[in-house]
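Take a look at the structure set out below.
Keep in mind that what you see is a predicted model, and the values were worked out from it rather than measured. Both backbone and side-chain heavy atoms feed into the values below; hydrogens, waters and symmetry mates do not. The chains referred to below are lettered A, B, ... by the order of the sequence lines, with proteins before strands, and numbering in each begins at 1.
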Number of protein chains: 2
Amino acid sequence: MWIIISHNMADALDQIFSALADPTRRQILVMLLEDDMAVTDVAEPFEISLAAVSKHLGILASAKLIQQERRGRVKWCKLDPQAMHIAWTWMQGLGQFEHIDLDGLEAFLEETLKKD
Amino acid sequence: MWIIISHNMADALDQIFSALADPTRRQILVMLLEDDMAVTDVAEPFEISLAAVSKHLGILASAKLIQQERRGRVKWCKLDPQAMHIAWTWMQGLGQFEHIDLDGLEAFLEETLKKD
DNA sequence: TTAATCGTCAACCAGATGGTTGAATATTCT
DNA sequence: AGAATATTCAACCATCTGGTTGACGATTAA
């Protein structure tokens with residue numbers, strides 16, 4: 001299986017990876033793994049403003065990592081696995097992983113944790 | 001089933017995903033899939049300056065997506081699959097694309113992170 | 001109708017990012 | 001030694017990013 005990297009594909013990867021590069025946005029995705037949520041509820045655990053969270057959600061939506069649907073005055077957010085799958089597949093092509101390399105993960109973690 | 005995301009893990013993901021967010025850097029990674037390369041050779045197909053490419057390589061190296069080794073006046077760059085694997089595993093947890101033993105991963109991570 | 005809630009918009013700000021150029025540092029070749 | 005090659009450094013610049021605040025439109029509740 002190989003990946004044709006079109007212009008559009010590159011654009012999509014730009015958006016997906018830069019969306020994933022922010023820890024707040026990653027945390028939002030993890031929260032949405034549990035359940036669909038309204039914007040206000042997504043914002044609740046964060047210390048930043050609602051407007052900032054709304055922007056984060058907009059970025060996630062335009063990267064197609066989430067879908068948003070307005071019902072009444074509430075805008076529901078849910079995960080959309082498609083975009084993540086695209087990036088994941090691209091990475092798989094580069095890493096040629098097949099299984100989870102726990103030894104590598106352990107080595108990484110030990111290396112990183114030493115620095116505390 | 002849950003994944004404990006340590007402080008350092010989040011930092012690592014920040015670096016990895018923002019490194020991957022740039023199309024030049026992604027293209028460099030694809031080039032290195034073929035073969036290890038010197039900085040000048042990496043820079044050759046790009047229209048930007050050598051210094052700019054050197055910076056990109058520095059970013060990839062500090063995200064641990066590549067390793068750099070100086071031999072004489074030449075600095076060789078090669079892929080380092082470890083970091084990509086970390087991000088890939090994180091994404092897999094979110095996308096649930098294929099079967100993966102998250103319980104085992106969780107146990108492993110909790111065990112490792114206890115050492116803090 | 002009036003008041004409260006949900007979310008976005010617009011303007012603004014500080015800091016990060018990706019690029020440039022020219023000088024500097026090693027290292028290797030002649 | 002002197003010249004060429006490989007790479008980085010430093011200063012600078014324009015643009016992007018993530019945050020703020022206050023005002024605003026839309027929807028629901030009293």
Side-chain angles (χ1 to χ4, degrees), chain A residues 7 10-32 35-78 80 83, chain B residues 7 10-32 35-78 83 87:
Chain A
H7 195 299
D11 284 356
L13 291 174
D14 282 1
Q15 289 194 79
I16 295 167
F17 284 127
S18 35
L20 293 176
D22 184 275
T24 300
R25 289 193 290 264
R26 285 197 308 274
Q27 191 178 331
I28 290 173
L29 293 175
V30 171
M31 289 162 56
L32 291 176
D35 223 337
D36 300 354
M37 297 178 83
V39 174
T40 307
D41 295 330
V42 170
E44 198 268 330
F46 297 100
E47 286 179 350
I48 60 179
S49 69
L50 178 63
V53 171
S54 175
K55 275 193 200 174
H56 281 305
L57 289 167
I59 289 167
L60 288 170
S62 85
K64 300 192 182 170
L65 285 160
I66 67 170
Q67 284 177 11
Q68 292 184 294
E69 182 194 354
R70 176 150 228 142
R71 279 204 294 276
R73 65 181 164 182
V74 173
K75 196 168 196 177
W76 293 94
C77 308
K78 69 171 184 184
D80 180 354
Chain B
H7 186 291
D11 284 354
L13 291 173
D14 282 0
Q15 286 193 248
I16 295 167
F17 285 127
S18 34
L20 292 175
D22 183 274
T24 301
R25 288 193 291 262
R26 286 199 306 276
Q27 192 178 330
I28 289 173
L29 292 176
V30 171
M31 289 163 56
L32 291 177
D35 223 337
D36 300 354
M37 297 178 82
V39 174
T40 307
D41 296 330
V42 170
E44 198 270 330
F46 297 101
E47 286 179 351
I48 61 180
S49 69
L50 179 62
V53 172
S54 175
K55 276 193 200 174
H56 280 306
L57 289 168
I59 290 167
L60 289 170
S62 85
K64 301 193 182 173
L65 286 160
I66 66 169
Q67 285 176 12
Q68 291 184 295
E69 183 194 353
R70 179 148 226 145
R71 278 205 294 276
R73 64 183 165 181
V74 174
K75 198 167 193 176
W76 292 94
C77 309
K78 68 172 185 184

Roughly, in whole Å, what's the span from [atom1] in [X] to [atom2] in [N]?
X	N	atom1	atom2	result
B:F17	D:dG18	CZ	P	15 Å
A:L57	C:dG7	CG	C1'	11 Å
B:F46	D:dT7	CZ	P	15 Å
B:M37	D:dT7	CE	C1'	15 Å

Quiz item: Just to confirm, is there a sub-4.0 Å distance from OP1 or OP2 of C:dT5 to any side-chain nitrogen or oxygen of A:T40?
Solution: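 Answer is no, no contact under 4.0 Å.
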Practice problem: Would you tell me if any nitrogen or oxygen in the side chain of A:S54 comes within less than 4.0 Å of OP1 or OP2 on C:dG7? | Solution: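 Indeed not, no polar side-chain atom of A:S54 lies that close.
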Quiz item: When you check every protein heavy atom under 4.0 Å of nucleotides 12-24 of chain C, what one-letter string (B, S, -) results, 5' to 3'?
Solution: ------SBBB---
Practice problem: Sugar-phosphate means primed atoms, P, OP1 and OP2; the rest is base. With that split, encode nucleotides 23-30 of chain D 5' to 3' as B, S or - using protein heavy atoms under 4.0 Å. | Solution: ----BBS-
Quiz prompt | Atom pair CD (B:Q68) and CH2 (B:W76), whose distance is rounded to the nearest 0.5 Å | solution =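 So the CD of B:Q68 and the CH2 of B:W76 are separated by 12.5 Å.
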Quiz prompt | Distance (rounded to the nearest 0.5 Å) between B:M37 CE and B:L57 CG | solution =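 Reported to 0.5 Å precision, the distance equals 10.0 Å.
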Quiz prompt | Member of A:V39, A:I48, A:V42 meeting the side chain to side chain contact (heavy atoms under 4.5 Å, CB included) criterion with A:H56 | solution =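 Passing option: A:I48.
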Quiz prompt | Pair B:E69-B:Q67, side-chain contact (heavy atoms from CB on, under 4.5 Å): steps then yes or no | solution = CA-CA 7 Å; B:E69 183 194 353; B:Q67 285 176 12; over 6 Å; no
Determine the minimum heavy-atom distance between [X] and [Y], stating which atoms define it.
X	Y	answer
A:C77	A:L32	O-CD2, 3.5 Å
A:F17	B:L20	CD1-O, 3.5 Å
B:L13	B:A87	CD2-CA, 3.8 Å

Quiz item: Who are the salt bridge (Lys or Arg N to Asp or Glu O under 4.0 Å) partners of A:D14, not counting sequence neighbours?
Solution: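 So A:D14 forms a salt bridge (Lys or Arg N to Asp or Glu O under 4.0 Å) with B:R26.
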